[in-house]
Participant: 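What follows is a single structure, and I will ask about it in a moment.
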Amino acid sequence: MEILRTENLVKTYGTGENAFNAVDDISISIQEGEFVAIVGSSGSGKSTLMHMIGGVDRPTSGKIIINDQDITQLNNDKLAVFRRKNIGIVYQFYNLIPILTAEENITLPTQLDGQKTNKERLDDILEKLGISNKRNNLPNELSGGQQQRVSIARAIINNPAILLADEPTGNLDSKATDDIINLLKMTNKTYNQTIVMITHNPQIAKEADRVITIRDGKVSEEV
Amino acid sequence: MKIMNKLTLKNLRMNKARTVVTIIGIMLSVALITVVTGMVSSVLETMIVTNIKNTGDYDISASGKFEERFIEKVKNNSDVRDLYTRQYMGLAEFSDSKASYVPFIKVFGLNKNCFESGFDLSLSEGKFPENSGELLLSQDFVKQSGKKYHAGDKITLSYGQRYYKTDKETAKKIGIENITSEPIRSSLPYSEDVEEFKKQNEKTYTIAGILNSSGGSINDMYAFSCVCVYTLADINSPAETNITSDDLINGYAETNQTIFIRFNDGAENRYKEIFADLLGTNVDYINDQYNLSEKEYEQFNSDCEKSGVRALYFSANSSLLMSKGIDINDKNLSILIALIGFVLFIIVIASVFIIRNSFDISITEKTKLYGMLSATGATPRQIKHNVYFEGIFLGMIGIPLGIFLGIGTTAVLIWICNTVLTDVLEGTNFIFKISFIGLLASLVLSAVTIFFSSMNTAKRASKIPPIEAIRSNADIKISAKNKKKLKTPGFITKLFGAGGNIAWKNMKRNRKKYRATVISIVLSVAVYISIYSFMDYNLVYINEKFINSPYNVEVSINTVDTETGEPLSPDKLIEKYNSIASLENVDNYIYSTYMSVEMSFASNNLTDEFKNTSYSNGNVIIDDEKCIVWGNIKAVDDNNFKKIAESNGMTFEDCKDKFFIYNTVKITDSNKKKSEYLKFLKTAENTPLTLKFELYDKNKEEYITTEKNVTLAGSTKYIQTQPVTTYDDNIPIIYISMENYLKIFGNNEYLFFNMSVNSSDADKFEENLNELSNTDKSIKIDNIFNYSKILHQLNAITLILQIFVYGFIIVISLIGLTNVFNTITANMRLRRKEFAVLQSIGMTKREFNRMISLESLLYTLKSLLIGIPLGIISSILIYNIYASNLDDGLMPYIFPGLAVLISTVVVLIIVWFIMRFSIRKVRKQNIIETIRNDNI
């Protein structure tokens with residue numbers, strides 16, 4: 001089923017003469033369970049696109065429909081609630097709350113929702129991501145790769161509709177990069193998790209099922 | 001270097017709020033230091049001016065007999081600025097005197113200097129005398145003179161001497177076998193019956209003017225029975241009357257010559273050496289004037305004689321010298337200096353603490369910047385200088401502003417003191433003076449404070465490795481505590497949700513960040529509560545002593561039968577007191593007397609609580625039959641005894657012979673510092689008791705013990721006889737009428753009364769009483785204690801104390817507040833990314849607010865939980881100091897509830913406001929920009 005659709009999405013920065021469309025009329029559709037990579041050079045608008053999809057930024061015009069819900073119609077509070085139930089985001093760096101342990105960081109979205117953590121799911125995710133023994137460590141005790149794993153775990157704990165990853169391996173060495181990409185693929189396969197990943201590295205992009213190239217704010221090609 | 005400085009300035013401008021707040025913090029510290037130094041210099045100047053007004057502008061005064069060559073030597077000495085001289089011209093009859101006991105006028109000749117600069121001589125009319133034929137009248141003269149004199153009038157003085165009468169009776173009265181033909185010293189009080197005045201010559205003067213002030217030291221202190229007037233005469237001008245050739249009477253110098261020396265400003269601190277030099281003697285003799293051995297004393301006298309000085313007595317104007325900083329050997333002064341030093345020390349410590357914290361925050365925010373600078377090639381030294389630059393820049397703005405603020409505040413404080421304390425100061429004025437040294441001290445102290453604050457910070461900044469710039473992990477250090485699995489209390493999560501969880505963990509794991517804030521709040525709260533308690537006890541003490549009293553004036557008089565010179569007989573005495581009681585402006589009065597007697601009661605009439613009290617009372621002996629106790633029989637005037645009678649349902653006539661007991665005794669256990677009020681007798685009516693006392697029998701010339709059996713008629717409440725509570729209720733008191741008292745103790749030789757009056761216009765009453773004493777010669781006023789005046793003064797002083805102390809606290813707290821503000825806002829900004837992440841995960845606005853609110857609530861509560869008990873403990877300590885130093889009555893401990901409440905509310909409000917302010921700034925941020933933008 002279609003889990004994400006954007007319709008004529010536009011994001012404009014600046015006014016009057018200096019007006020510039022970072023995202024210039026993008027319409028895409030993503031099915032549940034797809035692993036999509038969005039590529040493009042710096043400044044192409046991919047990050048802007050992803051952040052609008054993630055509900056962290058508002059479009060100038062156009063619609064975003066996730067799980068049959070038009071999130072552009074939601075107010076800030078409702079959007080926040082929607083985010084924690086339906087979207088998981090992983091950034092390039094600084095994802096974690098420094099004063100919470102790995103486990104506490106992971107269960108954060110659940111807690112925000114007022115739900116009790118499903119212990120089994122937690123243990124399962126910790127193990128699958130290979131960080132069971134680090135569950136009680138603080139972020140500054142973890143390596144970059146471990147931190148990203150924790151981020152991913154947090155992003156998927158609530159079984160979100162979409163996992164968005166903005167250059168998740170940009171900060172990691174090659175081994176860690178491979179690990180993370182493999183983990184993402186595993187997550188995608190095991191939990192049928194829809195993943196939309198931004199990268200400017202074509203090698204990494206190849207690992208995805210589908211690659212959407214963005215150029216100057218428009219979709220340039222889809223593979 | 002310029003680039004780095006530019007960076008610093010830009011950073012300061014970007015963080016306007018923090019920069020302004022830091023500058024305010026510096027300003028307040030500097031202002032506080034300036035106020036302290038300003039007050040010190042003002043008080044010193046005031047002391048100097050007041051001393052000059054009270055005594056005169058001189059360093060040493062000396063009396064004796066000075067030859068002209070000595071006078072010339074002093075005048076010509078290069079270290080002497082001024083020489084003032086006073087010559088005793090003679091004694092004259094004061095024929096216009098209103099009172100017979102002030103029958104003389106003492107005439108003094110002052111040299112020109114005196115009228116020009118030496119003393120506080122203000123005229124109410126006329127001018128100063130310009131020759132020895134003109135007189136300047138003193139205020140005393142004007143008050144005592146029945147005839148009114150004005151400038152331009154002529155007055156004739158009959159000069160003469162006082163001599164003892166030569167008859168046998170006089171000799172017997174004085175106790176001198178052979179009365180010499182020497183005159184009586186002018187310093188002895190006048191006694192009409194034994195002396196006579198022998199006139200020698202007359203002189204007519206023109207009155208030049210009338211003095212308005214006392215004049216200070218040119219006034220003769222020993223002028224009993226005289227008033228003083230002044231004329232213009234140099235020292236060694238001939239006196240108007242013949243004083244014996246050596247000018248000594250009965251071996252004492254007549255103090256007919258007194259000189260006052262004012263040394264030059266720069267030479268004042270060597271006054272002893274210069275004076276010794278002028279006398280041609282050793283300076284040790286000057287230092288130890290009173291402790292010389294006989295031989296040394298001889299040597300000293302011989303030296304003086306060689307220089308032309310005889311019968312020398314000298315003293316330094318120590319109060320003036322002390323206010324100029326010379327000869328400070330007063331223990332009290334060193335305590336005062338220590339106190340001021342301590343206050344300055346606290347201010348400096350608080351300032352260093354705050355300013356350093358401010359710089360620390362600035363560093364933490366610029367960690368990336370310094371790391372990057374280090375990476376691009378800035379040496380540690382350059383970075384250190386950059387931090388100093390920030391300090392210098394902020395200091396250059398803050399310090400001058402602070403100094404101006406301090407000067408202005410000092411002026412305002414002085415004005416407040418003058419306004420509030422006008423009555424207390426009685427004419428003295430606080431003078432506002434800022435000394436250059438004081439300002440310099442403030443400047444240096446502030447600069448040093450800022451330097452020390454930035455020194456440590458600079459060192460840390462220079463050591464930041466470049467890698468920290470990128471990682472910025474330095475904030476949370478690994479510590480064993482952090483590894484523990486921290487469980488948030490259930491109710492927190494229930495009430496505040498996930499946000500609460502984060503807030504709780506933040507408080508537990510991130511203590512260091514808020515340590516400065518917590519300490520600031522703790523200190524402010526603790527100090528405020530302590531000071532509040534201190535002030536409270538002062539007020540309670542004053543209240544207890546004065547406000548609740550039924551009387552506000554205490555009258556103390558001496559009475560003597562003007563004809564016989566003997567004490568008045570009892571009924572005449574009562575007459576006199578009644579005449580005082582019937583004066584105008586007396587609303588209420590009481591006069592009483594008492595006798596201590598031994599009382600014995602039947603033991604079975606004592607209350608159980610009295611018999612069984614565990615407190616010790618040395619006055620009481622109890623056995624199965626009798627209880628023997630020392631008590632007071634108090635006699636009160638008829639008016640008041642009538643009230644006692646009426647309270648028992650009887651008339652005065654019925655009760656004239658009756659005895660009423662105050663049936664409560666206060667037993668105090670001095671070890672436990674507590675007291676109990678116990679009912680004494682089970683029944684008072686118709687209770688028999690035996691009084692035992694001693695009376696002096698004039699005929700037998702010995703003390704005779706008398707026993708008397710009486711019966712109590714009833715009881716009464718405690719009758720207060722004095723304005724200030726006397727706490728004499730630790731023994732039984734029995735009240736009787738005056739008549740009854742005289743009947744029982746009538747033969748007692750000396751009868752004395754205590755009298756207290758309640759007057760709505762106590763000053764007027766004082767005037768009326770003075771007039772009465774002037775007309776009725778048998779009444780001599782010993783003292784009038786005007787307690788409403790004293791109360792008024794105490795209240796004024798307390799008000800000033802409150803203004804200063806609370807003002808000080810508020811400023812220190814404000815300085816602490818700047819600290820709190822900076823810490824909180826900085827912490828908020830440093831956690832922007834954290835907040836952005838939370839928002840991106842899906843935290844709503846409300847949840848976010850709740851998290852921040854809980855966080856501020858948590859560490860505020862922590863601060864209060866430490867600060868309030870600390871404050872209470874120190875208030876208990878203060879109470880102990882108070883209670884142990886007061887020996888009259890016992891003050892109960894007062895819990896500083898209001899202070900606790902006020903500080904809690906104020907702290908919560910302030911912290912809440914600051915939090916809201918920083919939240920607003922954080923919430924406005926764009927989530928994406930924040931997370932992605934490493935450069936923020």
Side-chain angles (χ1 to χ4, degrees), chain A residues 47-48 50-52 54-58 75-101 103-105 107-116 135-142 144 147 151 154-155 157-158 160 164 166-167 171, chain B residues 470-479 481-488 493-494 496-511 513 830-848 850-851 855 923 926-934 936:
Chain A
S47 287
T48 317
M50 198 188 84
H51 290 126
M52 286 195 285
V56 190
D57 199 2
R58 294 245 185 222
N75 65 20
N76 279 340
D77 274 358
K78 288 224 176 80
L79 194 53
V81 174
F82 182 84
R83 266 209 302 282
R84 69 181 178 224
K85 285 191 203 289
N86 297 293
I87 302 187
I89 308 187
V90 177
Y91 294 102
Q92 192 172 359
F93 30 44
Y94 204 92
N95 283 295
L96 306 176
I97 309 291
I99 47 131
L100 298 178
T101 61
E103 177 171 332
E104 289 163 349
N105 263 294
T107 56
L108 202 47
T110 328
Q111 287 194 2
L112 281 173
D113 224 19
Q115 315 272 11
K116 261 211 141 97
R135 64 199 294 166
N136 289 326
N137 288 70
L138 293 171
N140 68 338
E141 296 169 323
L142 305 172
Q147 284 186 32
S151 307
R154 182 189 69 203
I157 188 83
N158 258 353
L164 299 171
D166 184 352
E167 311 249 22
N171 207 21
Chain B
I470 304 161
R471 289 262 197 79
S472 66
N473 266 344
D475 300 336
I476 310 242
K477 293 278 184 282
I478 303 173
S479 83
K481 256 201 245 166
N482 289 344
K483 279 204 170 192
K484 252 197 311 191
K485 198 156 190 226
L486 202 58
K487 191 126 204 289
T488 312
T493 328
K494 261 204 200 99
F496 292 89
N501 187 19
I502 297 181
W504 179 265
K505 298 222 163 74
N506 208 21
M507 184 193 77
K508 289 282 174 177
R509 287 190 178 134
N510 215 354
R511 288 172 207 255
K513 277 251 161 72
L830 281 174
R831 288 161 66 195
R832 261 186 327 197
K833 283 221 177 133
E834 190 182 315
F835 296 149
V837 168
L838 285 170
Q839 280 175 309
S840 77
I841 299 180
M843 196 182 236
T844 62
K845 225 182 350 176
R846 239 186 75 203
E847 287 161 342
F848 185 75
R850 272 203 299 193
M851 176 177 85
E855 209 171 293
R923 259 217 308 250
N926 187 315
I927 305 176
I928 306 308
E929 309 248 320
T930 315
I931 295 182
R932 302 205 83 209
N933 196 341
D934 273 340
I936 293 180

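In what follows, every heavy atom counts, from backbone to side chain, and hydrogens, waters and symmetry copies are set aside. Lettering follows sequence order; numbering is per chain, from 1.
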Participant: Which distance, rounded to the nearest 0.5 Å, do you find between the OG of Ser840(B) and the CG of Leu164(A)?
Facilitator: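 Going from OG on Ser840(B) over to CG on Leu164(A), the span is 10.5 Å.
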Participant: What is the minimum heavy-atom distance between Arg84(A) and Met843(B), and which atoms define it?
Facilitator: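 Taking Arg84(A) first and Met843(B) second, the nearest heavy atoms are NH1-CA, 4.4 Å.
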Participant: Output the distance between atom CD1 (Ile841(B)) and atom CD1 (Ile157(A)), rounded to the nearest 0.5 Å.
Facilitator: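 One finds 12.0 Å between CD1 of Ile841(B) and CD1 of Ile157(A).
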Participant: Output the distance between atom OG1 (Thr844(B)) and atom CZ (Arg83(A)), rounded to the nearest 0.5 Å.
Facilitator: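 One gets 10.0 Å once the value is rounded to the nearest 0.5 Å.
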Participant: Looking at Arg58(A), I'd like to know if its CZ atom is crowded, meaning that more than 12 non-hydrogen atoms belonging to other residues, nucleotides or ligands lie closer than 6.0 Å.
Facilitator: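 Result for CZ/Arg58(A): enclosed.
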Participant: Out of Ile89(A), Val81(A), Leu108(A), which one racks up the most heavy-atom pairs below 4.5 Å with chain B?
Facilitator: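 Maximum pair count with chain B is reached by Leu108(A).
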Participant: I'd like to check the side chain to side chain donor-acceptor pair (under 3.5 Å) partners of Arg154(A); sequence neighbours left out, ordered by chain and number.
Facilitator: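 Expected list: none.
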